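Being a predicted model, the structure only gives us computed values, none of them experimental. Just so we're on the same page: letters track the sequence lines, and every chain starts at 1.
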Amino acid sequence: MKMVVAYVRHEAFEPIRTELLELGFPSISITEVKGSGRQKGITERYRGAELTNYLRPKVKIECVVSDGDVQTIVDTVLKHGRTGAVGDGKVFVLPVEQAYRVRTGESGEEILQAHPDAAAATSA
Amino acid sequence: MKMVVAYVRHEAFEPIRTELLELGFPSISITEVKGSGRQKGITERYRGAELTNYLRPKVKIECVVSDGDVQTIVDTVLKHGRTGAVGDGKVFVLPVEQAYRVRTGESGEEILQAHPDAAAATSA
Amino acid sequence: MKMVVAYVRHEAFEPIRTELLELGFPSISITEVKGSGRQKGITERYRGAELTNYLRPKVKIECVVSDGDVQTIVDTVLKHGRTGAVGDGKVFVLPVEQAYRVRTGESGEEILQAHPDAAAATSA
Amino acid sequence: MLASLLLPATALAQEETTLDSLSQRVGALTDELNTTWIMVATALVFFMQAGFAFLEIGFSRGKNAGMGIAKILVNFSIASIMWWVIGFAIAFGGGGWLAGETGFLFQFGRDLSGESAGSADVGFFIFQTMFVCVSLAIVWGTTIERIKFAAYIAFAIVFAGIIYPLIAHWGWGGGLFAEIGSGVQDFAGSSIVHLTGATGALAAVLLLGPRRGKYGPDGRPRAIPGHNMPLFGLGVLILWLGWFGFNGGSTLGTAGSGMAEVIAVTNLGAVGGVLGATALIYALTKKLDVGMIGNGAIAGLVAITAPCGYVEMWAAPIIGFIGGLIVVAGVLAIDKKLDDPVGALSAHGLAGIWGTLACGIWASPRLVESLGVGTDGLWYSGSFEQLGVQAAAVALTFITVLVLSLIAFAIIKATIGLRVSEEVEAAGLDITEHGMYGYPEQFIPAPELEGYGALSTRTPSPGVAPTTQEVTA
Amino acid sequence: MLASLLLPATALAQEETTLDSLSQRVGALTDELNTTWIMVATALVFFMQAGFAFLEIGFSRGKNAGMGIAKILVNFSIASIMWWVIGFAIAFGGGGWLAGETGFLFQFGRDLSGESAGSADVGFFIFQTMFVCVSLAIVWGTTIERIKFAAYIAFAIVFAGIIYPLIAHWGWGGGLFAEIGSGVQDFAGSSIVHLTGATGALAAVLLLGPRRGKYGPDGRPRAIPGHNMPLFGLGVLILWLGWFGFNGGSTLGTAGSGMAEVIAVTNLGAVGGVLGATALIYALTKKLDVGMIGNGAIAGLVAITAPCGYVEMWAAPIIGFIGGLIVVAGVLAIDKKLDDPVGALSAHGLAGIWGTLACGIWASPRLVESLGVGTDGLWYSGSFEQLGVQAAAVALTFITVLVLSLIAFAIIKATIGLRVSEEVEAAGLDITEHGMYGYPEQFIPAPELEGYGALSTRTPSPGVAPTTQEVTA
Amino acid sequence: MLASLLLPATALAQEETTLDSLSQRVGALTDELNTTWIMVATALVFFMQAGFAFLEIGFSRGKNAGMGIAKILVNFSIASIMWWVIGFAIAFGGGGWLAGETGFLFQFGRDLSGESAGSADVGFFIFQTMFVCVSLAIVWGTTIERIKFAAYIAFAIVFAGIIYPLIAHWGWGGGLFAEIGSGVQDFAGSSIVHLTGATGALAAVLLLGPRRGKYGPDGRPRAIPGHNMPLFGLGVLILWLGWFGFNGGSTLGTAGSGMAEVIAVTNLGAVGGVLGATALIYALTKKLDVGMIGNGAIAGLVAITAPCGYVEMWAAPIIGFIGGLIVVAGVLAIDKKLDDPVGALSAHGLAGIWGTLACGIWASPRLVESLGVGTDGLWYSGSFEQLGVQAAAVALTFITVLVLSLIAFAIIKATIGLRVSEEVEAAGLDITEHGMYGYPEQFIPAPELEGYGALSTRTPSPGVAPTTQEVTA
Ligand SMILES: Nc1ncnc2c1ncn2[C@@H]1O[C@H](COP(=O)(O)OP(=O)(O)O)[C@@H](O)[C@H]1O
Ligand SMILES: Nc1ncnc2c1ncn2[C@@H]1O[C@H](COP(=O)(O)OP(=O)(O)O)[C@@H](O)[C@H]1O
Ligand SMILES: Nc1ncnc2c1ncn2[C@@H]1O[C@H](COP(=O)(O)OP(=O)(O)O)[C@@H](O)[C@H]1O
């Protein structure tokens, strides 16, 4: 199992979420983060004084999938996240050793499996 | 060392925190995240128009412990996080290669050790 | 590649960010988290009733670098994060298996390389 | 050039001026000035609705912040209608000790039946409309974060149509209270308006129970902080402002410029309340609790409401200060058993009782004589007579309102239900009953809101707006 | 001791009192009372600017929350100046059916030319200043979150200098409307102020288009929730308060205490609007939509604005209730095609039309006679005459304002531009046009703000302030 | 039916009407109208406290947002009491050039000693109470986010008891300023109220120092943005509203409807300030800085406060516009050395000086004659005389207040301390001095607040409230 961690623009998230759902990966978690990368800060003004802001808001997407599905997730993020401008973000893949479903206490890769009904319900 | 990453309901957090503290694991970090899983979105209404919200608020708990303690942490989360309904969350275990304590600069597993005084102070 | 995950005080972040930038590591992501560690809760008062708050705000810094750069990042965090008092935080190092740049779709360690122009622009 | 628009009054006096015609003009002018003042007061008292709304919103958790707006608008509307249809008649429509009997659907028949009410009467009507709405607003603060919206509607009808009008009739409409001793002193309604509202709140909370999580497994109360102290403070300041109309307008006119005295006394009462509450809460906890200090202001204002026309200026800060002590002690004591998130039981109830009793202590001969109600207070007369009269009025008000409200709430509970389900309470009333959070961006993930429209349709032009688009170094 | 400071008026009457001198004093006093009331109303109507600001801020997303303050201040300022320089003269400077012709730069020449205007005229001037500012404020709600700041400035000049003054002249300055039938009934401006503003908004939105993301690829409207329902509600409550001055002050004096009737009628109209909107939105969606209920209050107020001096009290809640139904239906219908984030087209436009027509239905003989404008409504007279007159006024107002505003906005669009770029819209107007977010801490990362000063310069003293420094267990 | 309640004044005129008795009724009515207006103004000026509170809250960081409420309530209360006990007597209790000497504990002895003050005097007293509270509120904005609460209390006692009363006595109580030239012109207090407050603020900031992090290691100022521009804007709009009472009420009556002129002039001054500040800050930074535009409004209002009774209407926008330029330039200049988070030193200090001097330039013969204070301004008379008088008053006010305030603050610093510790400043005053954050949910983790009650005690019923419980697909 791997955790795909993607830092992307806010605007990119909704198309990513929609396509992942269609592909059968409804399960993700997101966090609002601030990131700095290869960019200058932007300058803000307040009552005449200046303030340079080096951090820009990004969305961090976390999605744990079995090894075979990693590329699908990465490709979906890359497809929708790209504007071609600096600041589009990065995707990282981290190893995961074990997984549990809280509702049932089950563990192992099978808890990650896509639920066909969830995907179906949405595409309907 | 492992990082236990748990996505749970808000309401589950306080009992988990309390029991972890009693067990001698006071050190955790939490983040407010939004998650989607095996659930339909819920519909909100604003001035007559509708808005479907596919993401629900969850708490993400991160807790780095030595390999031998992982199961204790996982069990505690599973015990208190469970309502039996969809949306209870998931727990993942990630490998951690090194750890440092900022205050002293020490590194290694020993910085993760439970502080008996902290546990004591609370159970008092 | 490794992901350096550091939980530090808010006040420590700005010096860390500045020095990382100077050292050629402009790319980081931060999240506001709440942490509990080896500390008592603090007591708040509201209309005569009390409320004990066991969680304190921290900043979580995530920075993915190639294996050789890990120590530089860790040292920078340790240097600026330390007050010597309880609550200074912890740093963890997690393995990362793959990395992608969303803007171009490139993958691999080279996408992590410091951009000399970015560092230059700031030190100017 | 404007002469044609604004004819000066002198130009209108076309007919020959006689002493009589002039005297009539002066009489009319006097009426108009009185009405002008009452209309100013009406506007100020209306604005107290915003005060109540924001006091409650500030003391609510964020998930229940938006509904406060819907609540105040709907409650005010129902009360305005009920007062017009039957409340005003019951309160002020003449009649015996129990209730009035004329004036239902006030003004409705004016042009049909020829029985015409003058504009000054309309002024009194709309001013009193604002009073019933204040009393009703007091009921609800105690019930926030768990009561059903439907319960508001049902109780508002009964309260504005019957319960409050009865008490208003007894106190100000020539009813029961005029026959206790030589009359009950309640200038602007410490009991009639505030205790009545707070007693309704007590009935509600008895049947409603505390918010989930308010009491620990050991039964000890826990703090559930409201989400916004600045908005709470806005509410307090607006209420204070409105009170200048509430008390000042209760002179019902400008005779002898007496409203200036009332306003000065009101202000000193309020500042006394602030100082009393600040002193006590600081002594107890070493913290300058914002909520308690604000409650102190309200308690000072409530306490001075009955005496504001009856006491000399020096008594005002004393009455207010004691009101401030009472509200802090009251909140701490009541919190042990009853979950009153805004402290209305103390600020309007206990302080209302105290204010009513304070008349019996400090009512000044000069003012009692000029108002012609009751007798001098204990301080001047050495007699407990008026204090006894005041206590009787308090008891009567409390018992009557409590019984009627308990009946009303019991029926509501048995029929449409009083309390939302556990899930609704946990999720918050905004999203469940009103369909949307009060702060949508706080609870709805921003990425979803911004996600409309694919990135691919956008042409990035980094130079123009370097705010979402980063600038390459 | 204060006698020297505040000379009672009696002490000033030094000269011998005659019937004539006394009559003059009474005349002066009457003028002063009228001016006092108008000044109270002026203050209340001024405060409606805060109402509009917060209604719009509440309905904006957080990234556009701060600019509402700059907008309201600058618009109000430009309109005040333009009204003073030319608007007031066009509206009320005598003259023929089209426009007035005297009074430019009102008061400027007073002390130079000897042609002096009295203080009462100044009172009328400043009261009317507040009206043009209300009408202008109505224009902008519909355009939020995407219009350029420069467009405000340009249109405010034209609107406050020419468009609104023309309509005001027609309706209240002795112009065109006096010649339709026996006169158009619009007591405080359902059409003249509100429909005019809403029509300007319509012109703007036609040339401006919807916010990005408002309509899905399938053309269906999507909700873009505003960020703050409590602040929206504050706006509604402040507007309601201000309306007591808006309608009440439109009596232009206190004669016969008639302003009390107007205020009572206004309040019943507003509560009718709340109840109408609440009933309809709940019936349709089973949710007590906070925004719709607030819009209902505004619609009730707008609807009662024209009739408030012409109808009996019983008609007010009916007019308001229908206004409340109209605003809900209108918002739902208009939202399908036009992006009006605050519902102004419905609340001020449709409800304004309805209110103007309602005069033609329920104008009461008693009040028509006393005001001397138009004839009795359909209900009383059985005749459609006045209804026709009202409809004509609505049509004239709508077409004139729409044409003039479309021309003005088209020129603005062609020159300085009407709409911000996509990037600016996405980033929000606060940071792009105003240099800073409305809630800086929400968008600027806190660590950066707090990072000033290295930790190493601080001596930790954990015992003192255990709030950022943890306490060792 | 209401006849019994509201006796029309005519019905009361029982005794035979004579010219004399009628004249007396007219005299009484005149007094009452004056008091009515002053009471309206009192309410408006009271509300300025909310304006100051929200201006400051908006300009504070979120961690210091709640304390603004406690501060304004406690300061207002102390000042009200001190003014009543000694301030009013020093200011207006007759006496020589330095200070008044009668009227301590105003009204206290009324009914005991038989020396009775009329209600109109009480009206003047309560109106002036609001003025001292405004002046005190001005002191504190500059000191936010680092001053100890105890310092408020100590300085409020001295300021409201002695410092402000002295200046008020000199300017309005018949003291020193009446003897400079033919009198100092300061209609509503550009110097007496605003410069006095701002000078107190200067003394405070000199001893207090900047907020931590305000100046970089290189000594350059850094922006520390306040957290809430909408609430800042609410403060500005409330202040503007209150100013109509502040300046308009300073006529102390309605004679000649002169308050209408004052209000029109005040409004034009304010809009001038907005436009001046907007123009300058945009020219300098190409951004429409919300805070600066709001400061411009305040500066325009402060600048027109002294001249509002002395100048013709055309001078008002000019005075305001220059005030707007001054405040922007002033904030930018002062920020280099002194940390004034709200810009009060510029908006109340520099603009106050400018407004006072502006009288010396544009005081109009017509108004100077009618008010009988000072001589015509430079513009009309060609003479610098009045300008010199005004400058002298400014200098006297500034030096006196600065010296007295420095002494007071130095003593406070040496005894109870002026500034909170570094840890308290970093943690924020809300949690440290007041025990709770202003926005508890922002700083207290929500999970902790919601964690009350174990999940196991809850029966999930997903169908009912699908808001925390997800719905299975
Ligand atoms: N090495 C990294 N570690 C953590 N976060 C990163 C890293 N590199 C990029 N990010 C995240 O991605 C965002 C975009 O990075 P940026 O360097 O501007 O992208 P790109 O290189 O694709 O133009 C950053 O704001 C940050 O949140
Ligand atoms: N594969 C995953 N990757 C990341 N987060 C997940 C994943 N699966 C679940 N989550 C998190 O857990 C929450 C609950 O998931 P859900 O599928 O509803 O739980 P369950 O399957 O136990 O009923 C989600 O809202 C999300 O935050
Ligand atoms: N084992 C851990 N897992 C996750 N987060 C941790 C862990 N230990 C510490 N933290 C984070 O670091 C912060 C500081 O921890 P603390 O134990 O007080 O530091 P120290 O031991 O250096 O004095 C905590 O508030 C928490 O956010």
- State the CD-CG distance between D:E32 and E:N34, to the nearest 0.5 angstrom. 7.0 Å

- Item | Non-neighbouring partners of D:L234 that pass side chain to side chain contact (heavy atoms under 4.5 Å, CB included), sequence neighbours left out | D:F54, D:L231, D:I238, E:L234, F:F54, F:L234

- Item | Closest approach of D:L22 to E:S23 (non-hydrogen atoms, all atoms of both residues) | CD1-CA, 3.7 Å

- Under a 4.5 Å heavy-atom cut-off, does chain E meet the side chain of D:I57, its backbone, both or neither? side chain

- When E:W240, E:F244, E:F232, E:W37 are compared by non-hydrogen pairs under 4.5 Å with chain D, the top option: E:W240

- Message: At a 4.5 Å cut-off on heavy atoms, which part of E:N228 comes close to chain D: side chain, backbone, both, or neither?
- Response: both

- Query: So which part of E:P230 gets closer than 4.5 Å to some heavy atom of chain D, the side chain, the backbone, both or neither?
  - Reply: both

- Query: Hey, which of E:D289, E:I281, E:N267 has the most heavy atom pairs under 4.5 Å with chain D?
  - Reply: E:N267

- Nearest-0.5 Å distance, CG of residue E:L33 to OG1 of residue D:T36: 4.5 Å

- Query: What distance separates D:M39 CE from E:T254 OG1, expressed to the nearest 0.5 Å?
  - Reply: 12.0 Å

- Message: Distance check, rounded to the nearest 0.5 Å: E:L288 atom CG versus D:Y152 atom OH?
- Response: 11.0 Å

- Task: Can you see which heavy atom on E:M313 is nearest to which on D:F125, and at what distance?
- Result: SD-CE2, 3.8 Å

- Item | Portion of D:T18 that has a non-hydrogen atom of chain E nearer than 4.5 angstrom | backbone

- Note on the structure: D:M436 and E:P225 have their tightest heavy-atom pair at CE-CG, 4.0 Å

- To the nearest 0.5 Å, what is the distance between CG (E:L44) and CZ (D:F46)? 11.0 Å

- Please name the pair of heavy atoms, one in E:A260 and one in D:T35, separated by the smallest distance, quoted to 0.1 Å. CB-CG2, 3.7 Å

- Message: Report which part of E:L268 has an atom under 4.5 Å of a heavy atom belonging to chain D: side chain, backbone, both, or neither.
- Response: side chain

- Message: Rounded to the nearest 0.5 Å, what separates atom OG1 in E:T278 from atom CZ in D:F149?
- Response: 7.0 Å

- Item | Minimum heavy-atom distance between E:A264 and D:V122, given as atom pair plus value | CB-CG1, 3.6 Å

- Query: Using non-hydrogen atoms only, which part of E:Y215 is less than 4.5 Å away from chain D: side chain, backbone, both, or neither?
  - Reply: neither

- Yes or no on side chain to side chain contact (heavy atoms under 4.5 Å, CB included) for E:V274 and D:I78, after CA distance, side-chain angles and deciding distance? CA-CA 9 Å; E:V274 168; D:I78 291 172; over 6 Å; no

- Given a strict heavy-atom distance threshold of 4.5 Å, which part of E:V420 is in contact with chain D: side chain, backbone, both, or neither? neither

- Part of E:L19 lying under 4.5 Å from any heavy atom of chain D: both

- Task: Would you mind telling me which of D:T129, D:I126, D:I72, D:D430 has the largest number of heavy-atom pairs within less than 4.5 Å of chain E?
- Result: D:I126

- Note on the structure: Nearest heavy-atom approach of D:A70 to E:I293 is CB-CD1, 3.9 Å

- What pairs of residues pass the side chain to side chain donor-acceptor pair (under 3.5 Å) test when at least one of them lies in residues 41-54 of chain D, not counting sequence neighbours? none

- Please answer whether the main-chain N or O of D:E433 pairs with a side-chain N or O of E:K286 as donor and acceptor at a distance below 3.5 Å. no

